[in-house]
Amino acid sequence: MDDDILSNLTPPQLEAVIHKDGPMLVIAGAGSGKTRVVTRRIAYLISQGVWPSQILAMTFTNKAAKEMKSRVAALVGEEPRACGTFHSCCARFLRSDIELLKTGRTRDFTIYDTSEQQSVLKKVLKEANLKLPEGMTPRAFHELISMAKCRRQPFFDFAVGENLTAPERLAKIADLYEEKMVQLNAVDFDDLLYLTAKLLEEHPDVRDIYHNRFRYILIDEYQDTNHLQYELMRLLVGPSQNIHVTGDPDQSIYSWRGADYHNIMSFKDDYPDARIVRLEQNYRSTQVILETANHLIVNNGNRFEKNLFTDNDIGCPVVDITTGTDLQEAEWVCQKIMTLRATGEDLKDIAIFYRTNSQSRTLEEAFVRNHVPYQLLGGIRFYERAEIKDFLAFLRLKVNKSDIISLERIIGCLGCGIGAATTAKLEGIALEQHKPLVEFLAAPDFESRYPKANAKVKAFAKFLRNLLEIPMAPLAECVEQVLELSGLEDKYEGQINAEDRIDNMHELISNAITFADEHDDADLNSFLQEVALVADVDAHDANADFVTLMTLHSSKGLEFPYVFITGVEEGLLPHANSLYDEDGVEEERRLFYVGITRAKKQLCLIHCATRMMWNHREPRMPSRFLAELPEECVTKLYYGYRNYRK
């Protein structure tokens, strides 16, 4: 078995795999076999007698976690039990121990997405008759709450430190938001990490249990961790310090959501005895593409020195093309893709990256005109579609009777004639009885105890009883019965895109069936948790023969033989928000570097002489980053540009 685990590894990869005890940092360059090293290391630990349940492996996407599990299982016949994203691992911990925090939340808590978090904020503002400062939206305010949690700061201290308007009022609203989330038995994404860290900090006995349970901890994409994830890691690592982190500071591109590449840069300071291994051999790209990437990234200052190399072919030059307009940019890309398809290339091997989602419009229009199939990452995700959120509201209410947000959505779905005033009145009566509104309404004796309730309320109470009486298991049967009871199929019948909407709801049932097949302990709660933590990149279908469009941020972790990066212009890449900030420009350079290193065979960089921006056409300048690329690796072309030359 060890022969399979240790075969076809380079000396640095082998060193990283067979290192057993003590801290280790693996600086893994793009395309250097990082996933192979992490999975082989887990398999090696298991082959050396470490129980799979003693290994905790955390990464940033469900896709990466699933691939990790399947590869380990193929090598040793077993997979690590605790392998998932930071958020899914912490959700699992809280399902067991959240009640120890004595906040009032139970293990049946609901995980709210961004739109639901904003609904809670709006509810709080209305109930307390408070307003946010002028110009601040609920979404923007929740982002501030998220930043405070990630820094583990009381909100008032955070608000003062950030010089926010009316810090006392904002702190009061933030406190009311937290109180409401507890009342709803709900958590947001940051709570999953924040509450786990709080649990481990305040309960040393629980922390000791976790230290004994997880003898070995592995963290992937360590350069993308924020301060909260960093502190969580420090709390989880036991006295043995068996912590293995993998990452690349040159690919740290998420500071806007709190990621701090200093975490990886200071790993040696945190663990002076740590061994450091550099993976510099690239298995993905041609020599020309790697030479281009290397020349770009050396212009950044604070980084671990490394130089990617490969035994792959030299490859064709990188294309740097100037077009006259953004419409011509889309036209040229479309023509190039149709040429590739005519020569036998699969569309699934082609990707187009851009800095902002708004850049996709002209590309999509060109593809539609030319009948080129495409998939768009970062559009409306499956689980954000209205019909799916409607369906999930019914399922979530079965698990968490305190979930007023789902209850209000159900009332709207059913069109049962119960308005906000009636709901608030019923909620007040339920509160007097110290019961969640759902439990109050669904009580068997509700009608006899409240004979004056109108017919609509009584009918809704009966519906809730029927919903709660549906058996929670088997999972697939439960989901099917809830859909039938909900009447959602009838609701959408006759509406625009009715067939697609109904198909989507049946696809959710299929997802539940698949989830049950893959998890021995599958139940409705764990399925809803899985659904809540799906990321954009998880939606990428690598087998569908479509061109893939996505932002540069979404491209991280993916690879394609043919890559087009559009809008390589000052103000887009680097983005206008970063032009006068040295750290910001360095992160934009890293973002460009990530995009370049996704390409396996051919890379095209496109920029325009003029582009439609904010409803008017304006002249554009090529990105400063293009001047940092090696001339011998780049071919310059022009398309529709003659009328724009000076």
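The basis for the numbers below is simple: all heavy atoms, side chains too, and nothing from hydrogens, waters or symmetry mates. All of these numbers come straight from a predicted model, not from anything done at the bench.
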Student: When you check the side-chain N and O atoms of S115 and D113, is any donor under 3.5 Å from an acceptor?
Tutor: yes
Student: Sequence neighbours excluded, which residues qualify as ring-ring contact (aromatic ring centres under 6.0 Å, His included) partners of F109?
Tutor: none
Student: State which residues pass side-chain contact (heavy atoms from CB on, under 4.5 Å) with S240; sequence neighbours excluded, sorted by chain then number.
Tutor: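 Checked S240 against side-chain contact (heavy atoms from CB on, under 4.5 Å); matches are N242.
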Student: If only side-chain N and O atoms count, and only distance matters, is there a donor-acceptor pair under 3.5 Å linking D4 with S7?
Tutor: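 The answer is no; no qualifying pair exists.
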Student: What residues form a side-chain contact (heavy atoms from CB on, under 4.5 Å) with P52, not counting sequence neighbours?
Tutor: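 For P52, the residues satisfying side-chain contact (heavy atoms from CB on, under 4.5 Å) (neighbours in sequence not counted) are I46, E78, R81.
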Student: What pairs of residues pass the side chain to side chain donor-acceptor pair (under 3.5 Å) test when at least one of them lies in residues 144-156, not counting sequence neighbours?
Tutor: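 Non-adjacent pairs meeting side chain to side chain donor-acceptor pair (under 3.5 Å): S146-D190, K149-E178, K149-D188, K149-D191, R151-E162, R152-E201, R152-E231.
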Student: Checking E143 now: which residues fulfil side-chain contact (heavy atoms from CB on, under 4.5 Å) with it, not counting sequence neighbours?
Tutor: R139
Student: Just to verify, what does K34 make a salt bridge (charged side-chain N to carboxylate O under 4.0 Å, His left out) with, not counting sequence neighbours?
Tutor: D220, E221
Student: Output every pair passing side chain to side chain donor-acceptor pair (under 3.5 Å) with a member in residues 94-103, not counting sequence neighbours, ordered by first then second residue.
Tutor: R95-N525, R95-Q529, D97-Y210
Student: Can a donor-acceptor pair be found between the side chains of Y261 and D250 at a distance below 3.5 Å?
Tutor: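 Y261 vs D250: no donor-acceptor pair found between side chains.
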Student: Would R590 and Y254 count as a cation-pi pair here, with the cationic atom under 6.0 angstrom from the ring centre and within 45° of the axis?
Tutor: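 So R590 doesn't make the cation-pi contact.
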Student: Within the 3.5 Å criterion, strictly below it, is a donor on Y112 or D403 matched to an acceptor on the partner's side chain?
Tutor: yes
Student: With sequence neighbours left out, write down each residue that passes side-chain contact (heavy atoms from CB on, under 4.5 Å) with S119, or none if nothing qualifies.
Tutor: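 Checked S119 against side-chain contact (heavy atoms from CB on, under 4.5 Å); matches are I405.
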Student: List for me each residue that meets ring-ring contact (aromatic ring centres under 6.0 Å, His included) alongside H142, sequence neighbours excluded, and say none if there are none.
Tutor: Y177
Student: Under the ring-ring contact (aromatic ring centres under 6.0 Å, His included) test, which residues partner Y230, sequence neighbours left out?
Tutor: none
Student: Using 30° and 60° as the class limits, which term best fits the ring planes of Y222 and F267: parallel, tilted or perpendicular?
Tutor: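 The arrangement is perpendicular - the two ring planes meet at more than 60°.
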Student: Please round to the nearest 0.5 Å and tell me the distance separating atom CD of E427 and atom CZ of F440.
Tutor: 11.5 Å
Student: Can you list the residues that meet the ring-ring contact (aromatic ring centres under 6.0 Å, His included) rule with F214, with sequence neighbours excluded?
Tutor: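 With sequence neighbours excluded, F214 shows a ring-ring contact (aromatic ring centres under 6.0 Å, His included) to F93, given in chain and number order.
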Student: Could you name each residue pair satisfying ring pair (Phe, Tyr, Trp, His ring centres under 6.0 Å) that touches residues 185-206, not counting sequence neighbours?
Tutor: none
